[in-house]
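First comes the structure, then the notes that go with it.
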Amino acid sequence: MTGSVRTRFAPSPTGELHIGGLRTALFQWAFVQANGGKLILRIEDTDQSRYVEGSIENIIEGLRWLGIEWDEGPDVGGPHGPYIQSERLAKYQTVAGELRARDRAYRCFCSSERLSQLRKDQQKDGLSPGYDGRCRAIPPIQAEERALTEPSVLRFRMDRTGVTNFHDLIRGDVTFQNSLQDDFVIIKTDGFPTYHLAMLVDDHDMEITHVIRAEEWLASGPKHLQLYDAMGWSPPHFAHLPLLVDAQGRKLSKRFGDVSALDYRDRGYLPEAMLNFLTFLGWSLDDKTTHITGDELKQAFTLDRVVPNPAFFDVERLDALNGHYIRSLNPEPWSKNVAEWLSRDLPTDVPRPLDSALVSALAPLLQERITRLDEVATLSRFMFGDRPDYPMDLLVERIDGDSELAALTLDEALSALGDIEPLDWGLGSVEAAIRGLQDRLDLKLRKFVSVLYVAIMGAPRGIPLFDSIALLGREEALIRLQGARSKLP
RNA sequence: GGCGCGUUCGUCUAGAGGCCUAGGACACCGCCCUUUCAAGGCGGAGAUCGCGGGUUCGAAUCCCGCACGCGCUACCA
């Protein structure tokens with residue numbers, strides 16, 4: 001591959017950046033990086049009715065979150081701008097005019113009612129649905145006259161003979177019968193181009209060499225190829241990426257739930273984890289690599305290692321990866337993350353800024369038992385003045401309901417911890433005191449420690465107990481133990 | 001309905017005629033470690049490579065047919 005590779009990510013501003021779109025962008029970015037090429041971001045807003053305010057910002061934010069950078073786009077400019085299609089209308093009109101001059105496009109006055117009735121009839125008769133070419137034969141002069149008073153669209157005159165085939169970089173040769181093609185709309189009643197025309201014009205203008213997009217576009221290949229041919233332009237290379245699907249094997253959609261890229265960020269997924277996860281949805285490096293960074297990916301990516309079959313978006317795997325990356329974070333950045341998510345999620349009555357000494361003491365205790373950052377607050381809110389509320393049953397849940405043992409454990413803990421001089425309070429003394437309980441109760445620590453967990457944090461599981469008690473402070477720890485004791489007979 | 005694409009452990013994948021009695025990872029199970037929960041270490045179970053025909057000394061890998069799934073079938077992208 002030469003250094004002149006150019007590809008583009010071309011989302012529609014119809015809402016939030018879709019996770020499937022993110023994966024497409026990631027592959028495009030990796031491809032371009034691996035080949036010393038350029039990535040172009042282009043906004044395809046030719047459907048005014050679907051435009052959603054803020055979409056462009058959301059898309060850009062989502063791409064940046066993953067570390068994807070582009071060389072040309074609406075925000076960074078470039079030599080082929082503008083990069084928003086609604087600002088390039090004149091270009092589409094020019095090409096449409098050229099197509100008409102070449103008799104490859106004609107006005108169509110058919111109403112949408114007639115068109116949908118036509119489709120219904122065709123389907124009923126087992127025919128391939130498509131425009132029947134009713135307006136094909138209207139003489140151009142006559143069509144222009146009618147256009148003065150009647151709404152019309154512009155259709156592309158497809159060549160219905162022979163076949164169209166092209167080489168897909170991922171699937172190999174693909175062939176379509178031209179007789180099954182129909183004359184599709186290229187300029188809508190409102191004067192805007194459809195996707196097919198706008199894409200063609202822009203890809204040509206922007207000197208795109210590789211069109212990398214999702215498989216759902218495969219079937220429109222013939223349309224695009226004929227359009228290129230009609231204009232006498234040479235087409236780019238095509239690569240259709242496998243779809244991301246849900247557990248039922250269907251294309252990911254809102255039905256699936258979390259389809260917005262940034263929602264994953266907001267639920268505590270690390271960009272490194274998401275990048276790693278998405279990378280292996282359809283691509284692999286070799287027979288054993290399961291972890292990869294953006295830097296490694298942009299060195300190693302090749303389209304010929306993309307598989308053609310769809311991939312299930314398995315959140316369990318994302319979770320595993322996220323846990324992996326959380327654990328691999330150095331103390332500094334991890335602590336920063338904890339502070340951030342704590343102040344985001346802790347109840348509002350906990351005063352901010354948070355006690356930074358406490359936060360950094362807490363951080364290492366959390367690191368190994370968290371999958372998503374939004375679990376940080378849940379696991380540590382008991383440390384921030386939030387006395388646990390729990391039913392008595394929970395105290396004895398893991399000791400076979402033995403409330404006598406629970407009471408004894410609490411009494412002994414109260415006394416052992418109470419014996420520690422306030423000045424001696426610390427992890428060492430607390431641990432010694434609790435461990436000392438083993439002799440007094442003549443039981444292994446693991447046999448009764450759950451009672452203490454519940455008393456201190458309100459659950460039989462959580463971050464390490466000794467640290468928690470030490471961090472909580474002597475007074476507060478004793479109060480909680482007493483509180484637990486008072487629930488028992 | 002038509003056309004297109006796809007089909008290897010539950011999942012993501014490795015595999016481009018003999019290296020495959022099919023490898024890795026997640027999930028699952030067990031053991032170890034252990035202050036709970038995790039994490040970590042070790043081990044296990046799990047795929048007659050969608051099915052049926054060929055070609056070949058030999059096929060997950062090549063060819064043909066079938067089945068199933070998905071995608072497309074808009075004045076949406």
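Chain naming here is simple, since letters A, B, ... match the order of the sequence lines and numbering starts at 1 in each.
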Both distances below 3.5 Å, Watson-Crick or wobble geometry, any strand: find the nucleotide opposite [N].
N      : answer
B:rG46 : none
B:rC20 : none
B:rG40 : B:rC32
B:rG6  : B:rC68
B:rA25 : B:rU11
B:rU55 : none

Pairwise [atom1] distance, [M] and [N] [rounded to whole Å]:
N      : M      : atom1 : answer
B:rG6  : B:rG41 : P     : 38 Å
B:rC28 : B:rC63 : C1'   : 40 Å
B:rA16 : B:rC72 : P     : 33 Å
B:rA14 : B:rG24 : P     : 15 Å
B:rG50 : B:rU61 : C1'   : 16 Å
B:rC62 : B:rG17 : P     : 8 Å

Round to a whole Å and report the spacing from [atom1] of [X] to [atom2] of [N].
X        : N      : atom1 : atom2 : answer
A:Phe312 : B:rU13 : CZ    : C1'   : 15 Å
A:Leu318 : B:rA25 : CG    : P     : 19 Å
A:Leu321 : B:rA27 : CG    : P     : 10 Å
A:Asn165 : B:rC3  : CG    : C1'   : 15 Å
A:Glu316 : B:rA25 : CD    : C1'   : 13 Å
A:Asp287 : B:rG24 : CG    : C1'   : 7 Å
A:Phe277 : B:rC12 : CZ    : C1'   : 8 Å
A:Leu252 : B:rC12 : CG    : P     : 12 Å

Going by ring pair (Phe, Tyr, Trp, His ring centres under 6.0 Å), name the pairs with one or both residues in residues 448-469 of chain A, residues two or more places apart or in two chains.
none

Enumerate the ring pair (Phe, Tyr, Trp, His ring centres under 6.0 Å) contacts for residues 151-170 of chain A, please, sequence neighbours excluded, ordered by first and then second residue.
A:Phe156-A:Phe184, A:Phe166-A:Phe238

All pairs passing salt bridge (Lys or Arg N to Asp or Glu O under 4.0 Å) where residues 104-115 of chain A contributes a residue, at least two apart
A:Arg107-A:Glu144, A:Arg114-A:Asp132

Contact state string [[range], B base, S sugar-phosphate only, - no protein heavy atom under 4.0 Å]:
range                        : value
nucleotides 35-44 of chain B : BBBBSS----
nucleotides 16-21 of chain B : ------
nucleotides 61-77 of chain B : ---------SSSSSBBB

Check the pair A:Arg387, A:Glu476 against salt bridge (charged side-chain N to carboxylate O under 4.0 Å, His left out), reporting the backbone distance first and the verdict last.
CA-CA 9 Å; A:Arg387 281 192 190 141; A:Glu476 180 63 21; 2.8 Å; yes

Checking the side chain of A:Trp334 only, and the main-chain atoms of A:Ile326 only, is there a donor and an acceptor separated by less than 3.5 Å?
no

Under 3.5 Å, side chain of A:Thr14 to main-chain N/O of A:Arg50, donor-acceptor pair present?
no

Here's a test of your reading of the structure: between A:Pro242 and A:Lys288, which maps to the more 5' nucleotide of RNA chain B?
A:Pro242

State whether A:Ser284 places a side-chain N or O below 4.0 Å from either non-bridging phosphate oxygen (OP1 or OP2) of B:rA14.
yes

Hey, is the side chain of A:Asn276 poking within less than 4.0 Å of OP1 or OP2 on B:rA25, counting only N and O atoms?
no

For [X], all residues meeting ring pair (Phe, Tyr, Trp, His ring centres under 6.0 Å), sequence neighbours excluded:
X        : result
A:Trp283 : A:Phe301
A:Tyr51  : none
A:Phe9   : none

For A:Arg381, enumerate each residue passing the salt bridge (charged side-chain N to carboxylate O under 4.0 Å, His left out) test, keeping only those at least two apart in sequence or located in another chain.
A:Asp386

Using a 4.0 Å heavy-atom cut-off, does [X] contact any base of the nucleic acid, only the sugar-phosphate backbone, or nothing at all?
X        : value
A:Gly282 : sugar-phosphate
A:Thr175 : sugar-phosphate
A:Arg305 : sugar-phosphate

For A:Arg88 and A:Pro82, the nearest pair of non-hydrogen atoms, with its separation, is NH1-O, 2.8 Å

Under 6.0 Å between ring centres: does that hold for A:Tyr264 and A:Phe313?
yes

Could you work out, with side chain to side chain donor-acceptor pair (under 3.5 Å) as the rule, every residue matching A:Asp287, not counting sequence neighbours?
none

If the condition is side chain to side chain donor-acceptor pair (under 3.5 Å), which residues does A:Asp47 pass it with, not counting sequence neighbours?
A:Ser49

